[in-house]
Amino acid sequence: ISFEEALRYFQSAQLAECRGTVEAPPRRRGLAALLHVLFGPPRLRAPLQAERDLALAIARCALDDSERVHVRILQTIYRRLTRSPLGCPRYGAHWEELGFQGAASRGTGALRRRARRPQPLSTRVFPKSGGRPVPKRRRSLTRGRFPQHFPFCVVSVNVTRIVVRALRDERLSRECNRRRQVLAVLNDVYVGAFLRLYSAWTARRGAPDAGALLSELETFTKKKPRQLLKALETYLSG
């Protein structure tokens, strides 16, 4: 499924229930509110707020095995990352190749647990939004198993949470206002954040402290999203 088709589906789908679960930005009081007004990020411009609300609603939309589009999205993730021309079973050990953990256990594991306890269909399902394709020499993450037992999809879920929270907390508003779009910025920041985490992971040989790396990434993403985007541009330009 293409990004455009998936987006059209979510735009036309009944997301009222998901919209009702979207968390509002944190409320600031007293000095914290004053400092945010003086030194914090700007508010998102009114014409972009509907797109932001759509992104947050998509992130709260639970994965549904009975929904054909949801299954097609999962199949697209598998085929893009493995470069396989064929689809795959909904459950099985093949998902471990993408970095899901425990997916081979009696045909259950991460994906089955997600079906039992609904989780967000996050923005990771959209690998790009009209951006440049990644050069072949830069596709090391999509070639078979990942180095150092890197749990690609598990990490992806966590990076998605960090980036969506940054959007909710208005940390990406400045860049969204500058580019006059939300989803494309959200996806680019996601890729930049993932790149930064992967670079830190590979730099720390042995068994990296994933919790510490994610905590550092969350702080950096909130404070310096523009630097993530600049680092991504440098990486893609070689």
Side-chain angles (χ1 to χ4, degrees), residues 3 6-7 9-11 13 15-28 36 40-45 48-64 69-70 73-74 76-77 99-100 110 113-114 117-131 151-198 210-211 213-229 231-232:
F3 170 82
L7 181 58
Y9 161 79
F10 284 112
Q11 287 174 328
L15 292 177
E17 181 178 350
C18 298
R19 290 179 187 275
T21 62
V22 170
E23 297 180 49
R27 297 185 63 180
R28 301 174 178 85
H36 183 74
R43 290 186 175 276
L44 190 68
R45 293 175 181 171
L48 299 175
Q49 291 176 7
E51 187 178 358
R52 176 203 58 196
D53 293 346
L54 173 64
L56 295 177
I58 292 173
R60 300 294 298 180
C61 181
L63 177 63
D64 185 354
V69 172
H70 292 194
I73 289 171
L74 285 175
T76 299
I77 293 173
F100 281 112
R113 286 196 297 271
R114 286 165 61 81
R117 185 173 56 190
Q119 297 289 333
L121 258 181
S122 57
T123 50
R124 74 184 185 286
V125 303
F126 303 134
K128 64 184 181 67
S129 176
F152 188 97
C153 285
V154 171
V155 168
S156 178
V157 172
N158 285 279
V159 174
T160 297
R161 175 188 58 80
I162 289 171
V163 176
V164 169
R165 185 174 294 176
L167 175 67
R168 183 204 66 187
D169 293 350
E170 301 179 330
R171 300 291 182 169
L172 308 185
S173 296
R174 189 183 307 278
E175 187 65 20
C176 291
N177 289 340
R178 187 183 72 83
R179 291 171 54 175
R180 299 181 182 179
Q181 50 189 334
V182 175
L183 284 173
V185 171
L186 187 68
N187 284 328
D188 286 349
V189 172
Y190 161 82
V191 179
F194 201 114
L195 174 63
R196 181 178 178 85
L197 179 66
Y198 181 76
L213 291 179
L214 288 168
S215 179
E216 293 171 6
L217 179 66
E218 183 161 16
T219 299
F220 192 91
T221 301
K222 286 183 176 181
K223 292 184 176 181
K224 302 178 180 180
R226 182 60 181 161
Q227 288 194 24
L228 291 176
L229 296 174
L232 176 61

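Counting heavy atoms from C-beta outward, Q11 and L54 have side chains that approach closer than 4.5 Å. Side-chain atoms of R165 and E218, non-hydrogen and from C-beta on, do get closer than 4.5 Å to each other. Within the 4.5 Å cutoff, no side-chain heavy atoms of S173 are placed close to those of R52. Two residues are said to be in side-chain contact when any heavy atoms from C-beta on lie closer than 4.5 Å; E216 and T219 fail this criterion.
Exactly one residue among L167, N177, D53, L172 makes a side-chain contact (heavy atoms from CB on, under 4.5 Å) with L44. That residue is N177. Of the residues listed (V189, L228, N187), the one engaging V163 in a side-chain contact (heavy atoms from CB on, under 4.5 Å) is V189, and it is the only one.
The number of heavy-atom neighbours closer than 6.0 Å to CZ of R43, taken from other residues, nucleotides and ligands shown, is 12 or below. Residue R180 places its CZ atom among 12 or fewer non-hydrogen atoms of other residues, nucleotides or ligands, all under 6.0 Å distant.
Remark: R179 pairs with D188 by the side-chain hydrogen bond (donor to acceptor under 3.5 Å, both in side chains) rule, at least two apart or across chains.
With values rounded to the nearest 0.5 angstrom, L197 atom CG is found 7.5 Å from I162 atom CD1. The distance from the CZ atom of F3 to the CD1 atom of I73 is 10.5 Å, given to the nearest 0.5 Å. If you take CZ on R226 and CZ on R178, they are separated by 4.5 Å, rounding to the nearest 0.5 Å. In this structure, CZ on F10 lies 11.0 Å from CG on L183, to the nearest 0.5 angstrom.
Taking the six-membered ring where the residue is Trp, F152 and F194 present tilted rings, their angle falling between 30° and 60°.
Checking side-chain atoms of S215 against main-chain N and O of G211 turns up no donor-acceptor pair under 3.5 Å. The main-chain N or O of Q181 is never found under 3.5 Å from a side-chain atom of E51 such that the two would form a donor-acceptor pair.
The minimum heavy-atom distance between L48 and V182, with the atom names listed, is O-CG2, 3.7 Å. The two residues P225 and T221 come nearest to each other via the heavy atoms CD-O, 3.3 Å.
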